[in-house]
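Inspection log for the structure reproduced underneath, given as structure tokens.
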Amino acid sequence: MGFKIGDSVFVLDEDLSGIITAISNTTVTVEDTDGFELQFDMSDIVKKGDDSFKNEIFSKKSLSQAVSEKESTKRKTIVKTKGKERYQPTMEVDLHLHQLVKSDRGLTSHDKKILQLDTAKHKLEFAMKKKIQKVVFIHGVGEGTLKLELEYLFGRYNNVKFYDADYKKYGLGATEVYIYQNVKPEY
């Protein structure tokens, strides 16, 4: 662009305009509306009233088309959760022994079972205190003794309903517990 002293210019990337007072190689001195003189590179300014810059930017599209694209309202996409996902349990408790202790060396089978049942009781009471409505206890298939003990434990609570958990997700090795929030627990 050909600039000369006295041209009114805008400064790109800044809210600044003024009049050119001096030109030296590619450096232009601009006096702003407050009387301050600032130096800019020629590539950082554009002439006022010069449509060449606007035409350069909007060479492929018309100005009105670009403005209409900018002003058009885009619909926000709302992520919908599927019905099944909405009712998925909020808490999972894995009762497999390797999840509860670092090493089961030295523990009898009775000690292991007591540890698993104590963990289940503690987590169930925690869920009741925190008003968590659904809890899945993952016990594994095995011989089924832990599952029977858990059913006996859950049966002692009057505010609890229990049933097999989702087969697709857990197979036969999990029990889902539903905790009624409006019933006082009795043991």
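Just so you know, these numbers come straight off a predicted model, no measurement behind them.
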* Asked: Does a side-chain N-to-carboxylate-O contact under 4.0 Å join Asp7 and Lys4?
  -> yes
* Could you give me the CA-CA distance, side-chain angles and deciding distance for Phe154 and Lys161, then say whether side chain to side chain contact (heavy atoms under 4.5 Å, CB included) is met? => CA-CA 8 Å; Phe154 300 148; Lys161 177 175 77 171; over 6 Å; no
* Output, in order, the C-alpha distance, side-chain angles, deciding distance and verdict of side chain to side chain donor-acceptor pair (under 3.5 Å) for Thr27 and Asn25. => CA-CA 6 Å; Thr27 304; Asn25 294 332; over 6 Å; no
* **Residues Asp164, Lys147: salt bridge by 4.0 Å N-O rule** => yes
* **Working for side chain to side chain contact (heavy atoms under 4.5 Å, CB included), residues Val136 and Met91** => CA-CA 6 Å; Val136 171; Met91 182 173 159; over 6 Å; no
* Could you check if a side-chain atom of Thr21 sits within less than 4.5 angstrom of a side-chain atom of Glu37, using non-hydrogen atoms only? => yes
* Less than 4.0 Å between a side-chain N and a carboxylate O, is that true for Lys169 and Glu176? -> no
* Side-chain heavy-atom pair Lys121, Leu117 within 4.5 angstrom cut-off -> no
* Looking only at atom types and distance, does a side-chain atom of Asp32 sit under 3.5 Å from a main-chain N or O of Asp34, one as donor and one as acceptor? -> yes
* **Qualifying residue, where the test is side chain to side chain contact (heavy atoms under 4.5 Å, CB included) with Gln116 and the options are Asp111, Leu150, Leu97** => Leu97
* Using 30° and 60° as the class limits, which term best fits the ring planes of Tyr180 and Tyr178: parallel, tilted or perpendicular? -> perpendicular
* To do: Step by step, work out the side chain to side chain donor-acceptor pair (under 3.5 Å) result for Thr145 and Lys113.
  => CA-CA 9 Å; Thr145 57; Lys113 189 83 66 199; 2.7 Å; yes
* To do: Check whether any side-chain heavy atom of Asp94 sits under 4.5 Å from a side-chain heavy atom of Leu100, and report yes or no.
  => no
